[in-house]
Amino acid sequence: MSQRVKIKQVLHDDAVQYTATVKGWVRTFRSNRFIALNDGSTNNNLQVVVDFENTDPAILKRITTGAAISATGTIVASQGSGQKVELQATSIEILGDSDPEKYPLQPKKHSLEFLREIAHLRFRTNTFGAVFRVRHTLAYAVHKFFNDKGFVYLHTPIITASDAEGAGEMFRVTTFDPQKPPVTEEGKVDWKEDFFGRATNLTVSGQLEGETGAMAFGEIYTFGPTFRAENSNTARHLAEFWMIEPEMAFYNLEDNMNLAEEFIKYVIRYALEHNREDLEFLGARLAEEEKSKPQAERSEMGLIEKLEFVLNNDFMRITYTEAIDILKNSKPNKNKKFQYMVEEWGTDLQSEHERYLVEKHFKKPVILTDYPAAIKSFYMKQNEDGKTVRAMDILFPGIGEIVGGSQREENLDKLVHKMEELGLPVEEMYWYLDTRRFGSAEHSGFGLGFERLVLFVTGMTNIRDVIPFPRTPKNAEF
RNA sequence: UCCUCCUUAGCUCAGUUGGUUAGAGCAUCUGACUGUUAAUCAGAGGGUCGUUGGUUCAAGUCCAACAGGGGGAGCCA
């Protein structure tokens, strides 16, 4: 281990005539002589040249796709044209064999669907190597952005008793024997007997707890796993996903939008600067995919071009009401091309409408604000018009909603009134309402789906391919 | 959850109006070759046609249910 160098460094340094040991996994072994070795530090392989005439044939036979090896030798300028430098090996050690009859990865293109079924091995492919290195960089950039701005990283609870967020179906957390849970005299499950003395669930959002932190530290963010027991079977939903939720005191809706836009641009720029090679690989991969699509469906921009375009352009900001007007007068609405016609103010926008606005009309990210109160959550600040709330959704091309946020209702009476209207347990939520009872102030926040961000940056199209081990309905393998 | 399409070798896919022994490329194995880049060339092995039931003299092919997967929709991040 002492002498080991990472392949990324060997390739980056571009130096020659020095001794080095590298360790990694064999991608292919060509001509009984050339090993394409990958150690996960970069998508590029190091070519290890074996002196096959002076190597034990028994060792040569064990250099198979997937095997872990250690190679020591001299880094020299390559005679071949595919790489600048290579390792002229003087000794090869097999660290772990890989039975070629059984190892599922071959040196060829595999379908993403197949690789999803072997998610524990797909990290060893170029595509997933790049995707998960980019994911890491984005996660790091999230923390760096907020840390540099003085936000406090607050760990909100994973297990919650609150069922008032209204953000969807929840997973129950219990230690009861499912065969025979304790029951009350009425024959109902007696949650008082459960571990926490009450019914508990996995969190669907850290927002409400986050608000209590914002009303002390000023600015906080959460970044953790989130769980939704919805029976959603789409390329952009997971039952377990990672969400970033900043919450800021003294921010109004505009401050909130400014922060969200700055944040998204920051992390994208950070990935472009620190994962250029991986993004170039993913871009090339995407371009290859595009070739097999019909002309009309091809995207106009390459991956990196698309990311730079987002960095260099302001997000379009319009109100829900303006969006409805645009959609009403749009060609697909007049020609009845929409599956759902846009007729009246007040209904929620369908995916096809959001896609039209983002991908056809404005051709850039769009921030929609001031939605009808009836289709948004109880905690959003009510506008003076009595109809709309200070909500904002950020819509991205190909992804849809990547951010959902709002200015929060800081007026205790208005908030309680709204909760009573919706039949929410006001008593139980005393701790949340205390933020409005004691030193209430204007504040805002948003939630950003991390995997949706990774989807956009990597150019992948299925959310199951940007989280290591996806949890979806009927799937919790690995 | 709804609509729709798909499920044939380890992988990607052919398989005609239902008809005799189900094919190809890649991978694997054996051999040849050795500065290769998903190496190349020759040969070989490899199949409960997703599962169950039905129609028929006969089912990979037709029908039904179920399971899994893709695409779209809803819910949302």
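Order of the sequence lines fixes the chain letters, A, B, ..., with proteins taken first and strands second; residue numbering starts at 1 for each chain. All heavy atoms count here, side chains included; hydrogens, waters and symmetry mates do not. None of the values given here were measured: they were computed from a predicted structure.
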(message) Looking at the base of B:C11, is there any donor atom on it, or on the side chain of A:His110, that sits under 3.5 Å from an acceptor on the other one?
(response) no
(request) Compare the minimum distances between each of B:U1, B:G74, B:C26 and the side chain of A:Lys108, then state the nucleotide with the smallest one. (result) B:C26
(message) On the nucleotide B:C75, are OP1 or OP2 found under 4.0 Å from the side-chain N or O atoms that A:Ser232 carries?
(response) no
(request) Using a 4.0 Å heavy-atom cut-off across all strands, classify A:Lys109 as base, sugar-phosphate, or nothing. (result) nothing
(message) I'd like to know if A:Gln106 reaches the base of B:G10 with its side chain such that a donor and an acceptor end up less than 3.5 angstrom apart.
(response) yes
(message) Let's test your reading of the pairing rules: Watson-Crick or G-U wobble, both distances under 3.5 Å, then write RNA chain B as a dot-bracket string with ( ), [ ], | and dots.
(response) (((((((..((((.....[...)))).(((((.......))))).....(((((..]....))))))))))))....
(request) Determine the interatomic distance between C1' on B:U51 and the same-named atom on B:C6; round to the nearest Å. (result) 16 Å
(request) Could you say whether the aromatic ring of A:Phe241 and the base of B:A77 stack, counting only centre distances under 5.5 Å and plane angles under 30°? (result) yes
(message) For B:A73 and A:Arg355 - does any side-chain N or O of the residue sit under 4.0 Å from the phosphate oxygens OP1/OP2?
(response) yes
(request) Can you check whether any acceptor in the base of B:A77 is under 3.5 Å from a donor in the side chain of A:Arg228, or vice versa? (result) yes
(message) Is A:Thr28 close enough to B:A39 that one of its side-chain N or O atoms is under 4.0 Å from OP1 or OP2 there?
(response) yes
(request) Give one of base, sugar-phosphate or nothing for A:Asn45, where a contact means two heavy atoms less than 4.0 Å apart. (result) nothing
(request) Using the P atoms only, state how far B:U7 lies from B:A44, rounded to an integer number of Å. (result) 30 Å
(message) Any side-chain N or O of A:Asn233 below 4.0 angstrom from OP1/OP2 of B:G72?
(response) no
(message) Can you check the distance between B:G68 and B:A77, where both ends of the measurement are the P atom (answer in whole Å)?
(response) 27 Å
(request) Provide the distance between the two C1' atoms, one in B:C26 and one in B:G18, to the nearest whole Å. (result) 31 Å
(request) Determine, for nucleotides 28-37 of chain B in 5'-to-3' order, which nucleotides have protein heavy atoms under 4.0 Å from the base (write B), from only the sugar-phosphate (write S), or from neither (write -). (result) SSS---BBBB
(message) Has A:Asn43 got a side-chain atom pairing as donor or acceptor with A:Asp278's backbone, closer than 3.5 angstrom?
(response) no
(request) Measure from CD on A:Glu352 to C1' on B:G71 and round the result to the nearest Å. (result) 16 Å
